[in-house]
**Student:** 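Starting off with a structure, shown below.
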Amino acid sequence: MKFGILVFPGSNCDRDVASVTSGILKQPTRLIWHTDTDISDCDVIVVPGGFSYGDYLRCGAIARFAPVMRSLQEHAAKGKYVLGICNGFQILTESGLLQGALVRNRDLHFICDRAPLRVERNDLAFTQKYQKQQVITLPIAHGEGCYFADADILKELEDNNQVVFRYCDAIGNITDDANPNGSLDNIAGICNKQGNVIGMMPHPERAAESILGGTDGKALFEGLVESLLINA
């Protein structure tokens, strides 16, 4: 199996992801420049955090037109895994791979902190190493992380069980006070209907080693590896 990590001008979390997939988990990993269109050798594509194209216009708006994105659409359509983190989540919504949008934080301030999340689903390759309703803590760092969608999309997400993570308090309560950015329904991460594409604002790659202050994010990558090895 192999991880592929997209790299756009302005990406700054690509090496962080590679340090987990290649360094900690010892899995083959390839950095994929945004003009590369051949990603057929990769089983998982990670769209990392950062500031693709300097966040001009709005976050992810220019990256959606990169040559690699058409290949990413085909990759997802084949049922292969896609993980979008922070700016990667924004890119996935801009490109239509996930529903909704990420807009300016409620207080219009950039947030850099750690946030408790409640795992809403543990039946995905990404979340199988967690318990349902488990509270984990991951770093967040964003200025446009407020998840927004119209009422019809929100209902569809709920009806199809597509909400994967929600911001919560330390014991799992979903409250306004526990919502760092104003995301509707405290949504921190969602998946597509098939469950092979997931986007999330928090950074699991920044919580994969105890030296960084926590390892709650490591299980997400371990679940992907386990799923792919079982199905190989």
Side-chain angles (χ1 to χ4, degrees), residues 3 5 11-27 29 44 46-51 81-90 92 102 105-107 109-147 163-183 185-191 198-228:
F3 283 87
I5 304 169
S11 296
N12 69 2
C13 298
D14 41 350
R15 269 68 177 182
D16 294 351
V17 176
S19 72
V20 178
T21 59
S22 178
I24 298 175
L25 300 181
K26 309 300 182 185
Q27 298 300 313
T29 300
V44 181
V46 181
V47 191
F51 304 91
Y81 297 122
V82 178
L83 169 62
I85 303 170
C86 199
N87 186 226
F89 188 9
Q90 296 162 340
L92 294 183
L102 284 307
N105 294 342
R106 175 181 49 211
D107 297 327
H109 294 147
F110 186 91
I111 300 170
C112 185
D113 204 346
R114 291 179 176 269
L117 309 174
R118 193 174 76 185
V119 179
E120 302 290 81
R121 291 185 63 173
N122 70 337
D123 61 337
L124 302 171
F126 306 90
T127 59
Q128 63 177 323
K129 304 292 282 187
Y130 299 114
Q131 298 297 314
K132 189 174 182 180
Q133 305 294 296
Q134 180 179 347
V135 176
I136 62 175
T137 300
L138 298 180
I140 54 173
H142 54 253
E144 296 183 29
C146 175
Y147 182 80
V163 178
V164 182
F165 300 105
R166 292 188 203 270
Y167 299 110
C168 66
D169 66 17
I171 58 174
N173 295 315
I174 306 300
T175 67
D176 288 340
D177 288 341
N179 189 334
N181 53 34
S183 290
D185 295 343
N186 284 50
I187 291 173
I190 63 172
C191 65
I198 185 173
M200 56 191 298
M201 286 310 297
H203 287 266
E205 80 283 8
R206 295 182 181 178
E209 295 182 89
S210 57
I211 194 173
L212 298 178
T215 59
D216 284 351
K218 183 180 178 183
L220 185 145
F221 295 97
E222 290 176 329
L224 279 169
V225 172
E226 183 175 304
S227 181
L228 287 165

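Keep in mind that the numbers below use all heavy atoms, side chains included, and drop hydrogens, waters and symmetry copies. Count residues from 1 along the sequence.
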**Student:** Out of the candidates Leu83, Val17, Val225, only one should pair with Phe3 under the side chain to side chain contact (heavy atoms under 4.5 Å, CB included) rule; please name it.
**Tutor:**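 The side chain to side chain contact (heavy atoms under 4.5 Å, CB included) with Phe3 is passed solely by Val225 among Leu83, Val17, Val225.
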**Student:** Nearest 0.5 angstrom please: Leu117 CG to Ile174 CD1, how far?
**Tutor:**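 Interatomic distance, Leu117 CG to Ile174 CD1, rounded to 0.5 Å: 9.0 Å.
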**Student:** Nearest 0.5 angstrom please: His203 NE2 to Leu212 CG, how far?
**Tutor:**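 It comes to 13.0 Å.
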**Student:** Report yes or no: does Arg118 contribute a side-chain atom to a donor-acceptor pair with the main-chain N or O of Arg166 at less than 3.5 Å?
**Tutor:**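 Not confirmed, Arg118 side chain does not pair with Arg166 backbone.
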**Student:** Can a donor-acceptor pair be found, under 3.5 Å and without considering hydrogens, that links the side chain of Arg106 to the backbone of Asn179?
**Tutor:**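 Flag set: sc Arg106 to bb Asn179 pair under 3.5 Å.
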**Student:** Do any N or O atoms from the side chain of Asp169 and from the backbone of Ala178 form a donor-acceptor pair under 3.5 angstrom?
**Tutor:**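 Between the backbone of Ala178 and the side chain of Asp169 there is no qualifying donor-acceptor contact (under 3.5 Å).
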**Student:** Any idea which heavy atoms bring Gln128 and Gly223 closest together, and the distance?
**Tutor:**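 Closest approach of Gln128 to Gly223: NE2-O, 2.7 Å.
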**Student:** Test your reading of the model: is there a side-chain donor-acceptor pair from Asn186 to the backbone of Cys168, 3.5 Å cut-off?
**Tutor:**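 A pair under 3.5 Å: no.
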**Student:** Please say which of Cys13, Pro204, Pro48 ends up in a side chain to side chain contact (heavy atoms under 4.5 Å, CB included) with Ile85.
**Tutor:**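 Answer after filtering Cys13, Pro204, Pro48: Pro204.
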**Student:** When you measure from the side chain of Asn105 to the backbone N and O of Gly145, does any donor-acceptor pair fall under 3.5 Å?
**Tutor:**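 Yes, because the side chain of Asn105 sits within donor-acceptor range (under 3.5 Å) of the backbone of Gly145.
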**Student:** Is a side-chain N or O of Asn122 found less than 3.5 angstrom from the main chain of Tyr130, in a donor-acceptor match?
**Tutor:**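 The answer is yes, because a donor-acceptor pair under 3.5 Å joins these two groups.
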**Student:** Using 0.5 Å steps for rounding, measure from the NE2 atom of His142 to the CG atom of Leu102.
**Tutor:**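 The distance works out to 8.0 Å.
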**Student:** Kindly give the heavy-atom pair with the smallest separation between Tyr81 and Ser227, and that separation in Å.
**Tutor:**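 The answer is OH-OG, 3.2 Å.
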**Student:** How close do Phe126 and Val82 get, counting heavy atoms only, and between which atoms?
**Tutor:**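 Result for this residue pair: CZ-O, 3.5 Å.
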**Student:** Can you name the nearest heavy-atom pair linking Glu144 to Met201, along with the distance?
**Tutor:**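 Smallest heavy-atom distance, with atoms named: O-CE, 4.1 Å.
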**Student:** Would you say CG of Asp123 has more than 12 non-hydrogen atoms from neighbouring residues, nucleotides or ligands within 6.0 angstrom?
**Tutor:**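 Buried by this count: over 12 neighbours within 6.0 Å.
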**Student:** Under a 3.5 Å distance rule, please check whether Asn181 uses its side chain to pair with a backbone N or O of Ser183 as donor and acceptor.
**Tutor:**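 Yes; judged by distance alone, with no hydrogens or angles, the pair exists.
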**Student:** Starting from the C-alpha separation in whole Å, work towards a yes-or-no answer on side-chain contact (heavy atoms from CB on, under 4.5 Å) for Gln27 and Val44.
**Tutor:** CA-CA 11 Å; Gln27 298 300 313; Val44 181; over 6 Å; no
**Student:** At their closest point, which heavy atom of Asp16 faces which heavy atom of Arg206, and how far apart are they?
**Tutor:**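 The answer is OD2-NE, 3.9 Å.
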**Student:** Starting at NZ of Lys132, measure out to CZ of Arg121 and round the result to the nearest 0.5 Å.
**Tutor:**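 It is 8.5 Å, given to the nearest 0.5 Å.
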